[in-house]
**Student:** 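The structure is given below, and queries will be raised subsequently.
Just so you know, residue 1 is the first one in the sequence shown, and it goes up from there. Predicted, not measured: the structure shown is a model, and the values here were computed from it.
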Amino acid sequence: PDDLQIEPESTVEVKSKASGEVLSVNGETGDIVEAGTLLVAIDKRTPRNRLAETEAALVAEPARRQIAETQMKRARTLFASNTLTQSEFAQTQLEFANAEAQVVSMQVAVENARITLDDTDVRAPITGTIIEKTVEPGIVITSPTQAVSGGTVLMKMADLSRVQVRTRVDETDIG
C-alpha cells in the first residue's frame, strides 16, 4: 500500500557541544558504526589553548593562597599583641578566604577547559546506522552549549535491528 512506513523504533541525534571547523567526518549515510566510534573531529587549537591558559593560571593560585595564609598567621600574632586592629585582621582573613576560593575556581576552570577539549571529538552514542549526515569537513559550526538544543546536530543515527511498521488497515481486516 501507499501508506506503508517502516521506521526505526528510535533515532538519536549526534550533536556537537564544541564550536569550530569540522576537520574530519568518519562515516557516511548507511554506515553501521559501533558505540564510541569517532564520527566527527573538530579543530582543537582554541580549546587546547584555553586549557593551557587555565592550567598556567592554576599554577600561580596555590602560591597566592600560601602568601595569604602566611599574612593571616602574621596578622593573628599582631592582633593578639594589639598591634593590629580588628578590621585589619578581618581583612587578612577575607584575603585568605578569597585566595582559597580562587584556587577552587581555577581548578573548575581547568576541568571545564578539559571538557571543552574532549567535546571536539564527537563519538557515536549508540551502535547503529547513520541515517542522515548534515556536515562535511571544512564547515564551521557554532554550538552554544547553554542553549536548550544542547549543540549542533551533525548526524542522525538509528538502531535498525528493531523497526516498526506503520500502515492503514481496514477495521474489517483486524479480526
**Student:** Would Ile126 end up clustered with Val14 when hydrophobic side chains under 4.5 Å apart are linked, directly or stepwise?
**Tutor:**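 Cluster IDs for Ile126 and Val14 match.
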**Student:** Can you name the side chain to side chain contact (heavy atoms under 4.5 Å, CB included) partners of Val22, sequence neighbours left out?
**Tutor:**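 If we apply the side chain to side chain contact (heavy atoms under 4.5 Å, CB included) test to Val22, skipping adjacent residues, the hits are Val25, Val40, Ile141.
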**Student:** Quick one: pull up CD in Glu88 and OG1 in Thr92 and give me the separation to the nearest 0.5 Å.
**Tutor:**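 Going from CD on Glu88 over to OG1 on Thr92, the span is 9.0 Å.
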**Student:** Can you name the residues that form a ring-ring contact (aromatic ring centres under 6.0 Å, His included) with Phe96, not counting sequence neighbours?
**Tutor:**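 Phe96 satisfies ring-ring contact (aromatic ring centres under 6.0 Å, His included) with no other residue.
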**Student:** Is the shortest heavy-atom distance from the side chain of Arg114 to the side chain of Leu51 under 4.5 Å?
**Tutor:**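 Side chain of Arg114 against side chain of Leu51, heavy atoms only: contact under 4.5 Å found.
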**Student:** Any chance you could measure Ser10, atom OG, to Leu160, atom CG, to the nearest 0.5 Å?
**Tutor:**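 Interatomic distance, Ser10 OG to Leu160 CG, rounded to 0.5 Å: 9.5 Å.
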**Student:** Taking all non-hydrogen atoms of both residues into account, name the closest pair between Val153 and Lys15 and its distance.
**Tutor:**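 Residues Val153 and Lys15, closest heavy atoms: CG2-CE, 3.8 Å.
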**Student:** So, taking the atom named CG in Asp119 and the one named CG in Asn112, what distance separates them when rounded to the nearest 0.5 Å?
**Tutor:**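 Going from CG on Asp119 over to CG on Asn112, the span is 10.5 Å.
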**Student:** Restricting to non-hydrogen atoms, name the atom on Ala124 and the atom on Val33 that form the minimum distance, rounded to 0.1 Å.
**Tutor:**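 Reported closest heavy-atom pair: CB-CG2, 4.0 Å.
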**Student:** At what distance, to the nearest 0.5 angstrom, does CE of Met155 lie from OG1 of Thr129?
**Tutor:**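 Atom-to-atom, Met155:CE and Thr129:OG1 are 12.5 Å apart.
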**Student:** Could you list the residues that satisfy side chain to side chain donor-acceptor pair (under 3.5 Å) with Gln91, not counting sequence neighbours?
**Tutor:**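 Testing Gln91 for side chain to side chain donor-acceptor pair (under 3.5 Å), a comparison that skips the adjacent residues, returns Glu95.
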**Student:** According to side chain to side chain donor-acceptor pair (under 3.5 Å), who are the partners of Lys44, at least two apart in sequence or on a separate chain?
**Tutor:**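 Checked Lys44 against side chain to side chain donor-acceptor pair (under 3.5 Å); matches are Thr120, Asp121.
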**Student:** Does Thr11 reach the main-chain N or O of Ala158 with its side chain, forming a donor-acceptor pair under 3.5 Å?
**Tutor:**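 Checked: no pair found.
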**Student:** Taking a hydrophobic cluster as the set of Ile, Leu, Val, Met, Phe, Trp and Tyr residues connected by side-chain heavy atoms closer than 4.5 Å, whether directly or through intermediates, do Ile130 and Ile139 fall within one such cluster?
**Tutor:**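 Per the 4.5 Å side-chain linkage, Ile130 and Ile139 are co-clustered.
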**Student:** Which ring-ring contact (aromatic ring centres under 6.0 Å, His included) pairs, counting each pair once, include a residue from residues 16-73, with sequence neighbours left out?
**Tutor:**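 Non-adjacent pairs meeting ring-ring contact (aromatic ring centres under 6.0 Å, His included): zero.
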**Student:** Identify the two heavy atoms, one from Glu21 and one from Gly138, that lie closest to each other, and give their separation to 0.1 Å.
**Tutor:**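 In this case the closest contact between Glu21 and Gly138 is OE2-CA, 3.6 Å.
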**Student:** Identify the two heavy atoms, one from Ala99 and one from Arg65, that lie closest to each other, and give their separation to 0.1 Å.
**Tutor:**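 Here Ala99 and Arg65 meet closest at CB-CA, 3.7 Å.
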**Student:** For the backbone of Leu154 and the side chain of Thr134, can you confirm whether one donor and one acceptor N or O come within less than 3.5 Å of each other?
**Tutor:**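 Yes: the side chain of Thr134 pairs with the backbone of Leu154.
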**Student:** Applying side chain to side chain contact (heavy atoms under 4.5 Å, CB included), can you list everything that pairs with Thr116, at least two apart in sequence or on another chain?
**Tutor:**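 Per chain and number, Thr116 pairs via side chain to side chain contact (heavy atoms under 4.5 Å, CB included) with Pro47.
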**Student:** List, by chain and then residue number, the residues other than Val59 in its hydrophobic cluster (Ile/Leu/Val/Met/Phe/Trp/Tyr, side-chain heavy atoms under 4.5 Å); write none if there are no others.
**Tutor:**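 In the cluster with Val59 there is nothing else; it is isolated.
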**Student:** So, using side chain to side chain donor-acceptor pair (under 3.5 Å) as the criterion, who are the partners of Glu34 when residues are at least two apart?
**Tutor:**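 Residues passing side chain to side chain donor-acceptor pair (under 3.5 Å) with Glu34: none at all.
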**Student:** Looking at Ser16 and Val122, would you say the former's side chain and the latter's main chain have a donor-acceptor pair under 3.5 Å?
**Tutor:**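 Between the backbone of Val122 and the side chain of Ser16 there is no qualifying donor-acceptor contact (under 3.5 Å).
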**Student:** Listed by chain and number, what are the side chain to side chain contact (heavy atoms under 4.5 Å, CB included) partners of Glu61, not counting sequence neighbours?
**Tutor:**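 Partners of Glu61 by the side chain to side chain contact (heavy atoms under 4.5 Å, CB included) criterion, ordered by chain and then number, come out as Arg64, Gln102, Val103, Met106.
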**Student:** Run Leu58 and Gln107 through side-chain contact (heavy atoms from CB on, under 4.5 Å) and show every step you take.
**Tutor:** CA-CA 7 Å; Leu58 178 59; Gln107 288 169 337; 3.7 Å; yes
**Student:** With sequence neighbours excluded, tell me which residues meet side chain to side chain contact (heavy atoms under 4.5 Å, CB included) with Val165.
**Tutor:**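 Partners of Val165 by the side chain to side chain contact (heavy atoms under 4.5 Å, CB included) criterion, ordered by chain and then number, come out as Leu4, Ile6.
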**Student:** Could you give all pairs that pass the ring-ring contact (aromatic ring centres under 6.0 Å, His included) test and reach residues 35-89, with sequence neighbours left out?
**Tutor:**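 Residue pairs with at least one partner in residues 35-89: Phe79-Phe89.
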**Student:** Between side-chain atoms of residues 66-78 and protein atoms elsewhere (two or more places apart, or another chain), which donor-acceptor pairs fall under 3.5 Å?
**Tutor:**
unit_1 : atom_1 : unit_2 : atom_2 : d
Thr70  : OG1    : Gln66  : O      : 3.0
Thr77  : OG1    : Lys73  : O      : 3.2

